[in-house]
Amino acid sequence: MTKEKRQILIFLFFAAAVLATPLFLKGSYFLNVLVFIGINTMLAVALNLLLGYAGQISLGHAAFFGLGAYISGILTTRFAIDPWQAMGLAGFCSAGLAFVIGFPILKLKGHYLAMATLGFGIIMYITFNETVGWTGGPSGLSGIPNLHIGSLIFDNDWNNYYLIWIFTLGVMLLSINLSQSRIGRALRAIHDSEVAARVMGVNARVLKVQIFTVSALLSAIAGSLYAHTMTFISPVAFGFNFSVELVTMVIIGGLGSIYGSFLGAAILTMLPELLRVFKDFDIVLYGLMLILITMYMPGGLISGLSMLAKFVASKIRGKQSNA
Amino acid sequence: MDNSSQLAQYILSGLSNGAIYALIGFGFAIIHNATGIINFAQGEFVMLGGMLTIFFLVFLQLPLVPAIALAITLATVVGIVFERLAIRPLKNAKPLSLIIITIGASIFLRGAAMLIWGKDTHALPPFSGNDPLYIAGATILPQHLWIFGISILIIILNKAFFNFTITGKAMRACAYNSYAASLVGIDVKIMVLLSFVISAAIGSMAGIIIAPLTMTSYDVGIMLGLKGFIAVIIGGMSSGLGTVLGGLLLGLLESLGAGYISASYKDAIAFIILLLILFVRPEGLFKKKETQRV
Amino acid sequence: MFKSIWRIFFALVITLLMAGSVIAAPPPIKIGALFSVSGPAAPLGEPERNTAQMLVNEINKAGGIKGRQLELIVIDTQGDATKAVQGVNKLIKDDKVVAIIGPSTTGESMAILNIVEKAEIPLITCAAGSKITDPVKKWIFKTAQNDILAVARIFEYLKKQKINKIALLTVSDGFGSSGREQLVLQSKEAGFQIISDETYGPKDTDMTAQLTKIRGGEAQAIICWGTNPGPAIVARNVKQLGIKLPLFMSHGVSSKKFIELAGDVAEGIILPSGRVIVANQMSNKEPQKKKLLSYINSYSKLYNVEGDHFGGHAWDAMMLLKGAIEKGGDNPAAIRDQLEKTKKFAGIGGTFSYSPQDHAGLTKDAFVLVQVKNQAWTLVK
C-alpha cells in the first residue's frame with residue numbers, strides 16, 4: 001500500500017472513531033469537554049500548517065480565532081445576519097487581514113517573526129477589549145444565537161459535538177491533502193531552507209503568505225463555531241496566553257503531524273480538568289512540557305507514541321521468532 | 001494647570017518608563033550578542049527582581065538593601081541554572097527549538113512564581129518616601145530619581161565593562177564571531193554564561209526599581225519584557241547607546257500617545273511601533289544596514 | 001478455617017454498615033457555587049467561598065435542612081467569564097444542582113444569565129451590577145448592593161459638601177462600565193457637571209496620563225470605580241501627581257486588601273460599603289449589629305481574618321437559599337418561588353425584600369459611607 005493510501009486509511013479509522021464516540025457517552029459532561037477538544041484541534045491543525053509544515057512561528061494566532069468569533073458574534077447579534085453567512089464573512093475578513101499583513105510580516109525570520117506575530121496578537125487583543133461599543137469590551141458579548149440547519153438547532157452537547165467535529169475532520173483531511181501535494185512539498189522545502197527552496201524555483205514569499213492566509217481562515221471559522229456554541233465570548237479567551245497554548249499544543253503533539261495536533265489539543269484541554277486539585281500547577285507544567293519535549297523528543301508525543309508502538313511491535317515479533 | 005505642565009508630566013513619566021525599558025533591553029542585547037538567541041524569559045528576570053525583594057522584605061523581615069542584594073543574586077542564580085540546563089545542551093539546535101525553549105522557560109518561571117507567591121499584586125515600598133517634588137510644573141516622585149540615577153549608573157558601568165575590560169572585549173569578540181573568538185583562546189562557554197549573569201542582574205535590578213511605582217505580580221514579566229524587546233529592536237540590538245535611545249524614545253511615544261491620543265490604547269501604540277520598525281527598518285534606527293550570511 | 005470465617009464475617013459487617021449508611025441517609029441537597037477564588041477577583045471570591053463553606057458546615061452539623069445534608073460544589077472561575085460559562089454548564093448538567101450561588105463579578109454573572117434562565121435553575125449572584133436584575137429575569141436574584149444605590153449615597157454626600165463638578169475614572173470592565181452608566185445618569189438628575197470622563201483597563205499599571213488630564217480641569221472631586229488593584233494604583237498616582245482633590249471609590253474595594261495595597265495614600269478616601277466592615281462602630285440600637293458581629297467572629301475563628309463586605313454577600317445568598325429550601329423543598333422551581341416571596345430578611349448586606357418586580361431586594365439604607373483613617377475603616381456620619 002502506498003504511503004498516501006495508508007494515510008487516508010488511518011484518517012478513515014480516526015474519523016469513524018470520532019463519529020462513534022458520542023454513542024458511548026450519552027448525556028455525559030465529557031461530551032462537553034470533547035466539543036472543546038474539537039475546536040482546539042481545529043485551531044492546532046490550522047496553526048500546524050504554518051508552524052509544522054512551513055516552519056513559520058506565529059505567537060499571535062489567537063487573534064484570528066478571536067477575530068472570527070467577534071465578527072460572527074457582532075454580525076449575528078447587532079445586525080441579525082444569518083449565522084452561516086456571518087461565518088463566511090468572518091472567514092473572509094480574517095483571511096483578508098492575514099493576506100495584507102502576511103507580506104510584510106513573513107519577510108521576517110526566527111525571533112523577529114515571533115515577536116512581530118506576538119505584537120500583532122496583542123494589538124488585536126487590545127482592540128477587542130477597547131472597542132466596547134462593538135465587542136462589549138472586557139465584559140464580553142452575550143446572546144450569540146446558535147447555528148441551525150432548518151429545524152435542527154445546535155444548542156446541546158450532542159449536536160454541537162457532531163457540528164464541530166465534522167468541521168475539524170474536514171480541516172484534518174484538507175491538511176493531509178495539502179501535505180501530499182506539490183504545495184506541501186514546497187512548504188517543507190521552505191521549512192528546511194528558504195534560500196535553497198527559492199533557488200529551486202519555489203515562490204517562497206507568496207507561498208508563505210498563502211499558507212498564512214489559509215491558516216487564518218481556518219482559525220476564524222473555528223472562532224465562529226466557538227462563538228455560536230458558547231453563545232458568549234470575551235477577550236480573555238483570545239489573548240497572548242491562548243496563543244502560547246496553541247503553540248504548546250502543536251509542539252508537544254508533534255510538529256507537522258495532524259494527529260499530534262489532536263493529541264496536543266486533547267492533553268491541554270483536559271489538563272485543567274485532570275489537575276483540579278493541583279490546578280495552579282498548569283502553567284508550570286506547560287512550560288516544563290515545552291522545554292522537555294523540545295529538548296528530548298523534538299518530534300512531539302506522537303513520535304514518542306510511534307516509537308513506543310514500534311518497540312512493542314518488535315518485542316512481539318521477537319517473541320514470535322523465539323517461540 | 002496649563003498645557004505645558006501636562007506636557008512636562010507626560011515627558012517625565014515617559015522618560016522614567018523609557019529608562020526601565022532600556023535596562024531590560026540591555027538584557028536582551030547582551031544575550032543576543034553573545035549567543036544569537038533572543039531570551040524570551042528576560043521579562044521573568046525583571047519579575048523575579050521585584051517579587052524576590054518583596055519576599056525577602058516581608059517574609060524574612062530583612063532591611064531594604066540586603067533584600068535587594070539577595071534578590072538580584074537569586075535572580076542571577078536562576079539565570080545561570082537556566083543557561084546550564086536549557087541553553088547549553090542545545091547549542092546547535094534549530095532556531096525554532098531555541099525560541100520554543102526560551103518561551104517554555106518564561107512560562108515555567110511565571111508558573112513557578114504563581115505557585116510560590118500566588119496571583120496577588122504586591123506593593124514594594126518606595127526607597128525614599130512618597131512625597132512628590134515639583135519640577136517645571138510636573139510632579140516627580142523620589143522613586144523617579146532613583147530610577148534615573150540607577151539607570152545612568154548601569155549604563156555607564158555597562159559601557160565601561162564592554163569597552164575597557166578584557167572580559168568585556170572578549171564578550172564583544174564572541175558576538176562578532178564566536179568561532180574566531182575561540183581560536184584566539186576565549187572560552188566561549190564562559191562568555192555565554194557571563195552574558196546570562198549580566199542580563200539577569202540588570203533585568204532584576206530594573207524590576208526592583210520600578211516595582212514601587214507600578215506594583216508587581218507574577219505576570220508583570222510579559223509586558224515589561226516585550227517593551228524591553230521593542231526598545232532593543234529600535235536600538236538595533238546594541239548593548240550601548242542605541243538601546244538607551246530606543247528605550248527613551250519608546251517611553252516618550254507611549255506616554256505622549258497615552259496623554260494626547262488615548263490612554264487605553266497605550267500598549268497598542270508600543271506594539272504598532274514594533275511592527276513598523278520590524279517592517280520598515282528591522283536593523284533599528286541607530287545602526288547601519290548589515291548583510292546576513294545565508 | 002477459622003481465619004476465613006472471621007474474614008467473611010468482617011467483610012459482611014463492613015458491607016452492611018456501608019450499605020446501611022447509604023440507605024439510611026437521604027441524598028444530599030446539591031448546591032452549586034461559582035466564585036473567583038483565585039485570580040484578579042480573589043478578594044471577592046475567596047471570602048465568599050469561605051463564608052459559604054462555613055455556613056454549609058454549620059447547617060450540616062445542626063442536622064441539615066429537614067434532615068438532609070447540604071453538599072456545596074464550588075467551582076473557581078478565576079474571575080474569567082469563559083470559565084464561569086463552562087462551570088455553570090458543569091454544575092447544571094453534570095452535578096445536577098438545584099440552585100447556584102455566585103458568581104463574584106458582574107462580568108461573569110452577565111455571561112451566564114441566559115444559560116441559567118434556559119436551564120430554569122435559580123441563581124443568587126454576589127455581583128453588584130444593576131443590569132443583572134434590571135430588567136428583572138425570572139430565575140436571577142442578587143445579594144450585593146446595586147451600584148445605583150452606591151452612586152446615590154456618594155452623590156448625597158457630595159451635595160452636602162456643596163461639590164457639583166466631578167471627574168470620573170472608571171475601569172473598562174462590566175463592574176466599572178455599569179457604575180459609570182449610573183454615575184452619568186444620576187449626575188444629570190443631581191445637577192452635577194462631569195468635567196472629565198476617563199477610563200482605564202483592568203490590567204493597567206499606570207493611570208498618570210488620565211489623572212494628568214483630570215488635574216488640568218476644574219473638577220472638585222474624583223470618583224474612581226473599579227476593583228483591586230486598579231484603584232490602589234489610582235490612589236498612588238493621585239498622590240504622586242500632587243492632586244489635592246477628595247478621592248471617592250466604589251464598594252468594589254471595600255476590603256482590607258485595598259488599604260494594604262494603597263498604604264499611606266489611602267488615608268482620607270471615602271466609599272460606600274455594607275455595614276459589616278464598621279460593625280463595631282454602629283450604635284447598639286441598629287438591628288443588624290448583633291448579626292454582623294456574630295458573623296465577623298465566627299469567620300475570624302475559622303479563617304484568622306475578619307469576615308468582610310464580600311463574604312457578607314455569600315452569607316446572605318446562602319441563608320436566603322436555606323430559608324427558601326426550608327419553606328419550599330428542594331425543587332428548583334419551588335426554591336425560586338420561595339425566594340421571590342422573601343420579605344424583610346435581615347442579612348449582612350442589608351434587609352432584603354424581593355418581589356416579582358425586584359430581584360435585588362435592597363434600598364439605599366443598605367449602604368453607609370466609610371472613610372480610611374489610620375489605615376482602618378471608620379464610619380462617616
Side-chain angles (χ1 to χ4, degrees), chain A residues 51 55-57 59-60 101 103-105 107-127 129-132 137 191-196 240-241 244-245 247-248 250-251 255 278 280-296 298, chain B residues 28 32 36-41 44 82 85-86 89-90 93-116 118-119 218-219 222-223 226 229-230 233 262-280 282 292 294:
Chain A
L51 185 58
Q56 308 296 310
I57 183 160
L59 289 179
I101 68 161
F103 279 105
I105 253 192
K107 268 197 285 186
L108 304 165
K109 313 241 186 315
H111 301 103
Y112 298 107
L113 177 61
M115 286 296 192
T117 50
L118 182 56
F120 167 70
I122 293 188
I123 293 176
M124 291 304 294
Y125 173 75
I126 295 179
T127 311
N129 252 314
E130 298 299 331
T131 49
V132 182
H191 189 167
D192 283 335
S193 164
E194 186 164 334
V195 176
F240 169 63
N241 283 333
V244 172
E245 240 184 271
V247 173
T248 309
V250 174
I251 301 271
L255 281 173
F278 301 106
D280 283 339
F281 279 79
D282 58 349
I283 301 187
V284 172
L285 278 179
Y286 287 178
L288 214 53
M289 281 195 290
L290 270 179
I291 299 180
L292 292 176
I293 298 234
T294 310
M295 282 173 74
Y296 299 117
Chain B
F28 280 109
H32 179 263
I37 66 177
I38 301 280
N39 177 21
F40 263 82
E44 309 312 320
F82 173 47
L85 289 181
L90 280 123
K94 293 189 300 194
L96 192 59
S97 301
L98 286 168
I99 298 176
I100 302 291
I101 288 190
T102 53
I103 294 179
S106 125
I107 298 173
F108 178 74
L109 287 172
R110 207 174 328 134
M114 188 188 89
L115 273 179
I116 303 177
K119 290 191 181 178
Y218 79 106
D219 62 354
I222 309 176
M223 268 305 177
L226 286 174
F229 178 78
I230 300 178
I233 290 281
S262 157
S264 337
Y265 284 91
K266 182 169 70 157
D267 290 335
I269 293 173
F271 290 107
I272 293 178
I273 296 176
L274 172 68
L275 287 181
L276 283 174
I277 299 270
L278 284 177
F279 289 170
V280 174
Q292 259 255 319
V294 162

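Residue numbering restarts at 1 for every chain, and letters A, B, ... go by the order of the sequence lines.
With a 4.5 Å cut-off on non-hydrogen atoms, B:Ile269 does not touch chain A at all. The contact between B:Ile38 and chain A is made by backbone and side chain atoms together, counting heavy-atom distances below 4.5 Å. For B:Leu274, the part sitting under 4.5 Å from any heavy atom of chain A is the side chain, from C-beta outward, and nothing else. At a 4.5 Å heavy-atom cutoff, B:Ile277 makes no contact with chain A through either its backbone or its side chain.
B:Met223 and A:Ile122 make their closest contact through CE-CG2, 4.0 Å (heavy atoms, listed as atom of the first residue, atom of the second, distance).
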Task: Derivation of the side chain to side chain contact (heavy atoms under 4.5 Å, CB included) call for A:Leu118 and B:Leu226 - done: CA-CA 9 Å; A:Leu118 182 56; B:Leu226 286 174; 3.1 Å; yes

TODO: Could you walk me through whether B:Ile233 and A:Tyr112 pass the side chain to side chain contact (heavy atoms under 4.5 Å, CB included) test, one step at a time?
DONE: CA-CA 9 Å; B:Ile233 290 281; A:Tyr112 298 107; 3.2 Å; yes

TODO: For the pair A:Met115 and B:Phe40, evaluate side chain to side chain contact (heavy atoms under 4.5 Å, CB included) and give the outcome as yes or no after the intermediate values.
DONE: CA-CA 9 Å; A:Met115 286 296 192; B:Phe40 263 82; 3.9 Å; yes

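Among A:Gly119, A:Gly55, A:Pro104, the residue with the largest count of heavy-atom pairs under 4.5 Å with chain B is A:Pro104. The greatest number of non-hydrogen atom pairs below 4.5 Å with chain B, out of A:Ile101, A:Ile123, A:Leu285, is found for A:Ile123.
Remark: A:Ile57 CD1 to B:Ile99 CD1 distance equals 5.0 Å, nearest 0.5 Å.
Crowding of A:Lys107 atom NZ: a count of heavy atoms from other residues, nucleotides or ligands under 6.0 Å not exceeding 12.
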